[in-house]
Amino acid sequence: MTASESTGRVLVVGASMAGLRAAEQLRAAGWTGAITLVGDEPHMPYNRPPLSKEVLAGKAPFASLAFRPRPAVADAAWLLGRRAVTARLPERTVVLDDGTSLSYDGLVVATGMRPRRLTCPGPLPGRHTVRTLDDAQGLREALTRPGARVVVVGAGFIGCEVAATAVALGVREVTVVDPLPLPMTGPLGPLLGRALLRRHEARGVRFALGTGVAGFTGEDRVTGVELSDGRVLAADVVVESVGSVANTEWLDGNGLDLTDGVRTDALLRAGGRPEAVAVGDVARFPNARYDGVPRRVEHWSIPGDTAKQAARTLVAHLHGTGEEPAPFAPLPTFWSDQHDFRLQSFGAPSYGADDVRVLDGTPDGDGDLVVGYHRDGLLVGVVALGGPGAASAAARHRPALLARPAVTA
């Protein structure tokens, strides 16, 4: 079968950035048949990173976030405000929450993740997460009330971004709680964690580190946060940023490994099934650039990278070419804007680095800082903290990161 003979339908379940990029890459890979996208939000795909920054600060309207689909997918069908509840992979059907059953020849799993919620006792009103446009708009309304006291639970990327935005909005008290001893120490390690702590505190953010949340006080809505060390923090607004849960329940009962997202092989095939691939936040894949360990990666670059690989894999199967793409070996990248500085990363600093060293700058000041992460003597990641000069310095290490030899599982 040639590209011009594509028949049947590819069903993309998930209509966020990963789903859109998958549809576009299917066309780029030669699929000319039908494409249907299903998404549980009523909105067309939009850019999520600004939600915890520009949208929360009131600087970016929704129109500025929406992606403009490429002309190649102008004929795609969009089923928005609809959620997949059941998949029957052997029968190649997916059932939606309104009872509609959709058949497919190829399936793209792009359902992403949702924020993990705390299960501590106490009222729910006043507690927020940041994942969707509606989340960000609701949180902004709460943050802009006069005299708001904010407790952010979780000192990861989203938590630190929200704290920085809240300070910029003039919130009188902003406290970040985390059981770890330093912010973002999990993905970045203690060297950068200490540097981030100093910079946030210098700009007005308070921290309660090395302690968790035991519960919430209040009757009809939150008035305080009870910490596991016995302290109680007054709070009118709580932001929960304690990790994510992959949206995979609709795939239960199909023999897939759904331990943390959808486990795929090196070609992004779900459970090795040639007609089903996974992309974006929900995919747990091995990266041939580093090792054979399957991981979910929640970086902005991953939806596009996985979409390109998955589309080639799926179209090769649907066209029966017998040709398989090379194993997936992306170079992860991310950035995080906080206060007046940016974190910029290339590579995989959290993939078991055994040697972390300063490449440029000093960790004790407020200037630019570039940190290198090595494993077995090879550079695996570079993270810059500071202004444009730091990001440029980190980018100069991309050739060395790309030159790392691929491994096989």
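Heads up: numbering here begins at 1 and tracks the sequence.
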Look at [X] together with [Y] and state whether they make a salt bridge at an N to O cut-off of under 4.0 Å.
| X | Y | answer |
| --- | --- | --- |
| Arg27 | Asp75 | yes |
| Arg172 | Asp236 | no |
| Arg284 | Asp260 | no |
| Arg114 | Asp40 | no |
| Arg396 | Asp360 | no |

message = Once you measure the plane-to-plane angle for His43 and Tyr46, does it fall in the parallel (<30°), tilted (30-60°) or perpendicular (>60°) bin?
response =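 Plane angle over 60°, so perpendicular.
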[atom2] on [Y] to [atom1] on [X], rounded to 0.5 Å:
| X | Y | atom1 | atom2 | value |
| --- | --- | --- | --- | --- |
| Arg70 | Leu20 | CZ | CG | 8.0 Å |
| Thr211 | Leu227 | OG1 | CG | 4.5 Å |
| Tyr373 | Ser345 | OH | OG | 7.5 Å |
| Leu379 | Leu402 | CG | CG | 10.5 Å |
| Phe334 | Ile302 | CZ | CD1 | 12.0 Å |

message = I want to check a possible cation-pi pair here: Arg21 against Phe67, using under 6.0 Å from ring centre and within 45° of the ring axis as the test.
response =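 Yes - Arg21 lies over the ring of Phe67, closer than 6.0 Å to its centre and within 45° of its axis.
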inquiry  = Walk me through whether Glu41 and Thr132 qualify under side-chain hydrogen bond (donor to acceptor under 3.5 Å, both in side chains).
reply    = CA-CA 9 Å; Glu41 287 191 75; Thr132 68; 4.7 Å; no
ask   = If you take all heavy atoms of Ile35 and Ala23, which pair is closest and at what distance?
value =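 So the two residues come closest at CD1-O, 3.8 Å.
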task = Taking all heavy atoms of Gly292 and all of Pro286, pick out the closest pair and write down the distance.
result =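 Looking at all heavy atoms of both residues, the shortest contact is O-CB, 3.7 Å.
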Any donor-acceptor N/O pair, [X] side chain to [Y] backbone, under 3.5 Å:
| X | Y | answer |
| --- | --- | --- |
| Glu240 | Leu118 | yes |
| Arg221 | Pro125 | no |
| Arg342 | Pro388 | no |

Residue of the set Arg199, Glu161, His200 for which side-chain hydrogen bond (donor to acceptor under 3.5 Å, both in side chains) holds with Gln338 =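 That would be His200; it is the only one of Arg199, Glu161, His200 passing the side-chain hydrogen bond (donor to acceptor under 3.5 Å, both in side chains) with Gln338.
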ask   = Is it the case that more than 12 heavy atoms not belonging to Lys308 sit under 6.0 Å from its NZ atom?
value =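 Count not over threshold, so no.
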ask   = Near Arg88 CZ, under 6.0 Å, is it more than 12 heavy atoms from other residues, nucleotides or ligands?
value =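 No, CZ of Arg88 has 12 or fewer neighbouring heavy atoms, counting only those of other groups under 6.0 Å.
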message = Is there a side-chain hydrogen bond (donor to acceptor under 3.5 Å, both in side chains) between Thr100 and Asp98? Walk through the geometry before answering.
response = CA-CA 6 Å; Thr100 301; Asp98 62 358; 2.9 Å; yes
